[in-house]
Amino acid sequence: MKKSIFWLFIFVLIQAAVTAPVYAEWNYTFLPTISLGLEYDPNVYSTASNQESDFNYQATITFPFHATSPATDLGLNYRTSRFQYSSLQEANYGNHYITLNASHKLTQRLSLSLSDSFASMKDADRFLRAGVSGTESDIIVQQVRNKSNSVTGSMSYSLSPKAFISLSATNSFFRYSLPAYYDSSGNGGTISYNYSLDAKNTVFTSISMNKSNYERSDLELRQSAVYRPIGPNLYELVFNSEFDRSNNKSAHIGWTHRFSSTLNTSLSIGTSRTEDIIKNLASDKS
């Protein structure tokens with residue numbers, strides 16, 4: 001379903017640019033770039049033992065498309081990177097990133113925007129594996145492929161020449177190639193208010209709420225460990241519980257000062273509260 005929405009967004013983006021009214025003053029830019037590199041990697045698989053070294057050839061290609069009119073702004077950017085090893089062919093991998101942005105001013109006061117960011121990448125990470133006795137464990141470090149997508153829709157309304165309010169909602173998901181990692185999805189929203197004191201100073205405030213769900217089965221939960229800090233440089237392993245849901249609420253107020261068109265500074269103060277809802281497998285089994 002999410003893939004269908006993703007490709008529908010691409011289709012709408014292209015159609016909006018192609019079928020734009022002839023009277024609109026559209027400006028288009030398309031400046032593809034390519035970069036090449038050579039790197040010596042002394043530890044290809046990021047392991048503590050049996051380290052393998054090799055040269056890898058890197059290539060990155062970027063296809064940025066941008067179209068603007070007096071009321072509409074459309075953007076599509078695709079970037080891919082390829083890592084090709086000289087001897088260790090099984091270590092070859094590629095990363096892909098797609099970013100879409102669309103905004104439209106409905107009236108002088110009201111504007112809407114929609115953005116989507118998709119990534120399919122492989123990166124080194126670590127996870128814990130239980131030992132034979134069930135109490136010992138070791139840390140495995142290896143490259144893990146993950147896919148993520150985040151869609152954000154927002155609305156901005158000008159209350160006056162100096163003040164505007166905005167609303168936004170975000171839906172995201174993360175998927176990993178190994179079951180030892182957390183697959184998750186999340187939803188969130190933000191409401192914010194900005195007021196310009198003068199040409200260089202703006203005050204703002206915002207309230208945000210986010211909810212994350214970890215999509216794990218009971219069997220996967222029992223097979224994985226939690227690595228929890230209990231003191232300075234001290235950690236404990238817990239095997240009988242995992243986070244099932246996480247809720248976060250935050251609010252802050254701040255001030256921004258613009259020194260020039262390229263330099264500004266912001267100060268803010270606020271509060272944040274996170275509630276982790278834990279599924280206790282020990283109590284489930286009793």
Side-chain angles (χ1 to χ4, degrees), residues 2-18 26-48 50-68 72-103 113-127 140-154 170-178 180-186 261-263:
K2 290 185 175 67
K3 288 185 177 180
S4 300
I5 297 175
F6 176 75
W7 289 112
L8 177 62
F9 184 31
I10 295 180
F11 175 77
V12 172
L13 182 68
I14 296 175
Q15 286 295 107
V18 173
W26 283 89
N27 294 314
Y28 302 92
T29 58
F30 179 65
L31 298 173
T33 60
I34 183 171
S35 62
L36 303 174
L38 175 64
E39 177 187 59
Y40 175 74
D41 191 342
N43 191 359
V44 174
Y45 299 107
S46 302
T47 57
N50 300 322
Q51 298 182 10
E52 296 281 355
S53 61
D54 198 2
F55 284 93
N56 71 67
Y57 307 92
Q58 303 173 11
T60 300
I61 304 175
T62 304
F63 297 99
F65 172 78
H66 193 205
T68 61
T72 305
D73 189 295
L74 303 174
L76 168 63
N77 186 81
Y78 171 70
R79 177 167 60 91
T80 180
S81 300
R82 180 67 182 176
F83 297 83
Q84 190 83 19
Y85 285 86
S86 179
S87 301
L88 305 172
Q89 299 297 317
E90 67 277 6
N92 298 339
Y93 68 96
N95 295 332
H96 305 274
Y97 310 88
I98 300 176
T99 303
L100 302 167
N101 295 284
S103 62
S113 64
L114 182 67
S115 64
D116 189 293
S117 297
F118 173 83
S120 175
M121 57 184 295
K122 198 171 186 180
D123 201 0
D125 210 335
R126 63 178 60 192
F127 67 95
I140 309 298
V141 179
Q142 65 178 359
Q143 289 181 335
V144 180
R145 177 159 294 280
N146 64 80
K147 295 180 180 180
S148 63
N149 192 78
S150 179
V151 181
T152 300
S154 60
T170 300
N171 174 267
S172 60
F173 73 83
F174 298 87
R175 299 289 183 269
Y176 294 93
S177 59
L178 290 179
Y181 285 78
Y182 294 98
D183 286 346
S184 64
S185 60
S261 59
T262 58
L263 178 63

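Please read all numbers here as calculations on a predicted model, not as lab measurements. The figures that follow rest on heavy atoms only: side chains count, while hydrogens, waters and symmetry mates do not.
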Does any non-hydrogen side-chain atom of Leu76 lie less than 4.5 Å from one of Ile98? yes

Side chains of Phe83 and Asn95: closer than 4.5 Å at any heavy-atom pair? yes

Name the orientation class of the two ring planes belonging to Phe30 and Phe65 (parallel below 30°, tilted from 30 to 60°, perpendicular beyond 60°). tilted

Would you say the side chain of Leu114 lies within less than 4.5 Å of the side chain of Val151, judging by non-hydrogen atoms? yes

Hits for ring pair (Phe, Tyr, Trp, His ring centres under 6.0 Å) against Phe55, two or more places apart or cross-chain, chain-then-number order -> Tyr40

If you define the side chain from C-beta out and look only at heavy atoms, does anything of Gln58 sit under 4.5 Å from Gln84? no

Ignoring hydrogens and geometry beyond distance, is a side-chain donor-acceptor pair present between Ser113 and Ser154 at under 3.5 Å? yes

As an exercise, state the distance from CG of Leu36 to CD1 of Ile34, rounded to the nearest 0.5 Å. 5.0 Å

Flag side-chain contact, heavy atom, 4.5 Å: His66 against Asn77: no

State which residues pass side chain to side chain donor-acceptor pair (under 3.5 Å) with Asp54; sequence neighbours excluded, sorted by chain then number. none

Locate the shortest heavy-atom distance separating Ala91 from Tyr85; write the atom from each residue and the value. O-CE1, 3.5 Å

Using modelled atom types and a 3.5 Å cut-off, is there a donor and acceptor pairing between side-chain atoms of Arg175 and backbone atoms of Ser184? yes

Please round to the nearest 0.5 Å and tell me the distance separating atom CG of Leu31 and atom CZ of Phe63. 12.5 Å

With side-chain contact (heavy atoms from CB on, under 4.5 Å) as the test, pick out the partner of Asp116 among Asn101, Asn149, Asn171, Thr99. Asn149

Looking only at heavy atoms, what is the nearest atom pair of Ala102 and Leu74, with distance? CB-CD2, 3.7 Å

Starting at CZ of Arg82, measure out to NE2 of His96 and round the result to the nearest 0.5 Å. 8.0 Å

Heavy-atom side-chain contact between Tyr93 and Asn56 under 4.5 Å: no

How about Tyr78 and Ile61: do any of their side-chain heavy atoms sit closer than 4.5 Å? no

Mind checking what makes side chain to side chain donor-acceptor pair (under 3.5 Å) contact with Ser120, not counting sequence neighbours? Arg145

